[in-house]
Amino acid sequence: MDIKTVGIVGAGQMGNGIAHVMSLAGYDVLLNDVSGDALDAAVATIDRNLERQVSRDKISADEKAAAMARIKTTPTLTDLGRTDLIIEAATERETVKQAIFEDLLPHLQPHTILTSNTSSISITRLASRTDRPEKFMGFHFMNPVPVMQLVELIRGIATDAETFDACRAVVDKLGKTAATAEDFPAFIVNRILMPMINEAVYTLYEGVGSVQSIDSSMKLGANHPMGPLELADFIGLDTCLAIMNVLHDGLADTKYRPCPLLTKYVEAGWLGRKSERGFYDYRGDVPVPTR
Ligand code: NAD
């Protein structure tokens with residue numbers, strides 16, 4: 001199956017990154033968000049990030065101009081029905097994602113492949129509520145999308161080989177590397193990463209270490225490029241909490257219970273970098289630990 005056009009739902013930090021790499025690889029991109037401000041911000045971010053690649057001689061000015069020209073935005077979700085591949089990258093809440101697919105269904109072409117960039121929600125369950133579970137799968141990019149090499153491809157129970165191969169071919173065209181994961185809560189990367197981040201929050205909650213000592217311990221002692229709390233702020237604490245809840249509910253094991261301190265930060269609206277405050281306060285020139 002030849003994919004030429006890609007529809008992306010959600011123009012947040014993941015959606016804009018996905019639009020960036022897809023347009024650079026030659027796909028025509030149609031980007032949608034419920035928020036007009038998010039669409040404007042996404043186009044500005046993509047422009048800035050492509051410009052950075054030009055200044056580092058990674059791409060030419062002509063390649064940047066061609067990529068920008070291939071990106072169109074629309075506030076109307078159903079416009080995406082005319083694309084060959086849809087990647088849903090909206091907020092990590094099942095009801096939100098389910099409503100998006102429901103609204104899209106009557107407007108899709110018969111061959112359109114539906115995918116979700118969800119970090120944790122069951123692909124099989126999302127697929128089962130559509131008219132095409134065999135043409136539905138998980139297409140999970142890592143953050144920041146233009147930088148990170150991996151894409152997890154997740155098969156739902158019904159995903160057919162043609163759909164999987166078509167998505168794998170897209171990953172190849174992006175110059176990225178695919179890892180195949182079966183459809184169980186949080187797949188591979190977040191099944192391993194999120195419990196570590198949650199444990200770092202417990203370590204803070206129990207007073208074993210401060211934000212700074214926990215992050216520098218893991219950077220200098222385990223050779224991680226970022227500390228777990230810094231990484232949690234980067235991912236978004238709401239997303240981290242949502243993934244822990246999916247692991248806890250889906251695997252019914254108390255080892256996945258979200259740390260109450262993580263819940264408290266989310267309830268405060270301290271969601272990390274995107275809201276300028278999380279385990280660090282980003283409102284000044286340098287990030288300052290909040291505990
Ligand atoms: P984000 O909060 O930056 O962006 C989400 C966007 O979705 C917002 O712009 C919001 O306005 C939009 N949105 C909400 N409801 C919508 C709807 N009904 N229709 C259209 N747009 C809608 O979130 P994000 O970090 O970009 O995460 C998006 C998805 O990607 C989530 O499923 C998340 O789990 C997944 N993901 C996140 C990361 C990460 O590190 N943040 C990594 C991999 C995957």
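Order of listing sets the numbers, starting from 1, for every ligand and every atom in it.
At a 4.0 Å heavy-atom cut-off, the residues surrounding ligand 1 are V9, G10, G12, Q13, M14, N32, D33, V34, A38, A89, A90, T91, E92, V96, K97, I100, N117, T118, S119, H140, F141, N143, I235, T239, K274, listed by chain and number.
Residues passing the ring-ring contact (aromatic ring centres under 6.0 Å, His included) test with F101 are F136, sequence neighbours excluded. When the side-chain hydrogen bond (donor to acceptor under 3.5 Å, both in side chains) test is applied to D238, the partners found at least two apart in sequence or on another chain are K274.
Residue pairs meeting the side-chain hydrogen bond (donor to acceptor under 3.5 Å, both in side chains) criterion with at least one member in residues 149-167, sequence neighbours excluded, are H140-E152, Q149-T177, D160-T163.
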Intermediate values then yes/no, side chain to side chain contact (heavy atoms under 4.5 Å, CB included), Q13 and N143: CA-CA 8 Å; Q13 46 182 354; N143 187 16; 3.6 Å; yes
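No donor-acceptor distance shorter than 3.5 angstrom exists from the side chain of S120 to the backbone of V246, with no hydrogens or angles considered.
Relative orientation of the Y265 and W270 rings is perpendicular, given thresholds of 30° and 60° on the angle between their planes.
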